Amino acid sequence: MIDYTCPRRSNLDRHMKSHTDERPHKCHLCGRAFRTVTLLRNHLNTHTGTRPHKCPDCDMAFVTSGELVRHRRYKHTHEKPFKCSMCDYASVEVSKLKRHIRSHTGERPFQCSLCSYASRDTYKLKRHMRTHSGRTSPLTLLGRFKRHCLQVEKRDLLGFVI
DNA sequence: CCTCCGTAGCGCCCCCTGCTGGG
DNA sequence: CCCAGCAGGGGGCGCTACGGAGG
């Protein structure tokens, strides 16, 4: 149990609601319900495609201000606030740093239910599961084809030089 | 009280790369 | 030797949840 304190009664009232299942703000398009009108508005924007937060440096736009800040760090400011204490790696998002740290610790929290394989991140496990279903995704195949073309190109180029 | 903003967190997907085993 | 399959490391975005604080 984490103690929550705040300077305002109104914020405490709001916080107390987070302990209930109360979600009075319902989306009329999909039926999903939210605690606050702001969350509902953001959600509705994902239905309508409304993206109020425009990037000043490119054509991208986002539903929330936080997404815009993150985008600008990735693409424009290159600010990486989360530094690895064991190497020079730094990242825009703390979740990426956590994923990176697992490559130092060797931790593999995501266990395959069908074999002994365990992954350091959720998506790698999901990708691995395709090997059990016998399905290779079209995107993987596209990647293979691109690499194949590059290999052929490189080979032809070397052949030409030699 | 309403609302905006910043932050945290989980998820999804992609790219590039190295390794490996079979043809 | 070549190539396809697979896993590792990392970049980027989608979306929800929550708390601080200004109006």
Side-chain angles (χ1 to χ4, degrees), chain A residues 2-23 25 27 30 32-47 49-53 55 58 60-82 84 87-110 112 115-152 154-156 158-159:
Chain A
I2 298 166
D3 293 335
Y4 172 67
T5 55
C6 66
R8 287 189 193 182
R9 174 79 206 184
S10 60
N11 281 357
L12 178 60
D13 289 344
R14 187 180 60 179
H15 168 78
M16 291 310 287
K17 285 185 179 175
S18 73
H19 293 299
T20 73
D21 290 335
E22 194 183 345
R23 291 167 184 267
H25 307 280
C27 173
C30 71
R32 189 167 173 179
F34 298 87
R35 293 187 198 285
T36 69
V37 70
T38 307
L39 284 171
L40 173 59
R41 192 183 312 132
N42 285 342
H43 171 78
L44 281 168
N45 282 343
T46 70
H47 282 303
T50 308
R51 294 163 178 263
H53 300 271
C55 178
C58 71
M60 294 286 281
F62 301 88
V63 170
T64 67
S65 59
E67 289 171 80
L68 174 57
V69 168
R70 186 179 57 180
H71 159 79
R72 295 197 72 236
R73 283 180 177 162
Y74 270 123
K75 294 295 192 181
H76 307 300
T77 69
H78 305 292
E79 183 193 354
K80 296 180 177 182
F82 304 100
C84 178
C87 71
D88 291 338
Y89 177 78
S91 70
V92 169
E93 298 174 79
V94 68
S95 62
K96 299 298 185 285
L97 177 58
K98 285 180 180 172
R99 184 176 67 179
H100 164 81
I101 286 172
R102 289 191 202 115
S103 71
H104 288 303
T105 64
E107 187 193 3
R108 292 168 181 270
F110 306 100
C112 176
C115 72
S116 61
Y117 175 76
S119 161
R120 296 197 225 281
D121 77 80
T122 51
Y123 185 69
K124 297 296 185 300
L125 176 58
K126 190 173 179 178
R127 187 179 63 180
H128 162 82
M129 295 310 284
R130 290 182 200 141
T131 67
H132 292 301
S133 68
R135 285 184 299 113
T136 304
S137 82
L139 289 169
T140 303
L141 290 172
L142 182 63
R144 300 281 168 269
F145 179 67
K146 279 183 181 171
R147 189 172 61 171
H148 169 77
C149 291
L150 281 172
Q151 283 171 345
V152 169
K154 198 187 289 179
R155 191 185 56 200
D156 289 353
L158 285 171

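These numbers come from a predicted model, not from an experiment. Residue numbers begin at 1 in each chain, while the letters A, B, ... track the order of the sequences.
- When distances run from any side-chain atom of A:R99 to the nucleotides C:dA17, B:dC2, C:dG10, the shortest one goes to C:dG10.
- To the nearest 0.5 angstrom, A:H76 atom NE2 is 8.0 Å from A:H78 atom NE2.
- Among the atoms of the strands shown, none is found under 4.0 Å from any heavy atom of A:R9.
- Side-chain to base pairing of A:R127 with C:dA7: one donor and one acceptor N or O lie within less than 3.5 Å of each other.
- Checked against salt bridge (Lys or Arg N to Asp or Glu O under 4.0 Å), A:D13 has the following partners two or more places apart in sequence or in another chain: A:R9.
- Here the C1' atom of nucleotide C:dC18 and the CG atom of A:D13 are 15 Å apart, to the nearest Å.
- You'll find that the side chain of A:K124 is closest to C:dG10, out of C:dG14, C:dG10, B:dG9.
- Contact of A:R70 with C:dG14 (side chain to base): a donor-acceptor pair of N or O atoms is detected under 3.5 Å.
- Here the closest non-hydrogen pair linking A:L125 and A:S119 is N-OG, 3.6 Å.
- In this structure, A:R72 reaches neither bases nor backbone, as no heavy-atom distance under 4.0 Å exists between it and the strands shown.
- Distance check, rounded to the nearest 0.5 Å: CZ of A:R108 to CZ of A:R102 gives 11.0 Å.
- The NE2-P distance, from A:H71 to C:dC13, rounds to 6 Å in whole Å.
- Counting atom types as modelled, A:K96 pairs a side-chain N or O with a base atom of C:dG12 as donor and acceptor under 3.5 Å.
- Going from atom CZ of A:F110 over to atom P of B:dC12 covers 11 Å, rounded to whole Å.
- Interatomic distance, CZ of A:R72 versus SG of A:C58, reported as 9.0 Å (0.5 Å rounding).
- If you measure from atom CG of A:L39 to atom C1' of B:dC2, you get 14 Å, rounded to the nearest angstrom.
- No contact: A:T36 has no heavy atom under 4.0 Å from any strand.
- Less than 4.0 Å separates DNA chain B from at least one heavy atom of each of the following residues of residues 73-82 of chain A: A:F82.
- At distances below 3.5 Å, not a single donor-acceptor pair connects side-chain atoms of A:R73 with backbone N or O atoms of A:S91.
- Rounded to the nearest 0.5 Å, atoms OG1 (A:T122) and CZ (A:R99) are 8.5 Å apart.
- Rounded to the nearest 0.5 angstrom, A:R127 CZ and A:D121 CG are separated by 8.5 Å.
- OP1 and OP2 of C:dG5 both lie 4.0 Å or more from every side-chain N or O belonging to A:R130.
- If you take CG of A:L68 and C1' of B:dT7, they are 15 Å apart, rounded to a whole angstrom.
- Of all the residues in residues 115-123 of chain A, A:T122, A:Y123 reach under 4.0 Å from DNA chain B with at least one non-hydrogen atom.
- Minimum heavy-atom separation, A:H71 to A:C55: NE2-SG, 3.5 Å.
- The listed nucleotides are C:dC15, C:dG22, B:dC10; the one nearest the side chain of A:E93 is B:dC10.
- Scanning for salt bridge (Lys or Arg N to Asp or Glu O under 4.0 Å) contacts around A:R51 gives an empty result, with sequence neighbours left out.
- When rounded to the nearest whole Å, the span between NZ of A:K98 and P of C:dG9 equals 18 Å.
- Distance NE2 (A:H43) to P (C:dC18): 16 Å, rounded to an integer number of Å.
- Each of A:E93, A:K80, A:E79 was evaluated against A:Y74; a single residue qualifies, A:E93, per the side chain to side chain donor-acceptor pair (under 3.5 Å) test.
- Put simply, CG on A:D88 is 17 Å from P on C:dG9, counting in whole angstrom units.
- With sequence neighbours excluded, the residues that form a ring pair (Phe, Tyr, Trp, His ring centres under 6.0 Å) with A:H43 are A:F34, A:H47.
- Taking NZ from A:K96 and CD1 from A:I101, the interatomic distance works out to 13.5 Å, rounded to the nearest 0.5 Å.
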Short heteroatom pairs, N/O only, protein and nucleotides 4-6 of chain B, under 3.5 Å:
residue : atom : partner : partner atom : Å
B:dC4   : OP2  : A:R41   : NH1          : 2.6

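- In the set C:dG14, C:dA7, C:dG23, C:dA7 carries the atom at the smallest distance from any side-chain atom of A:T131.
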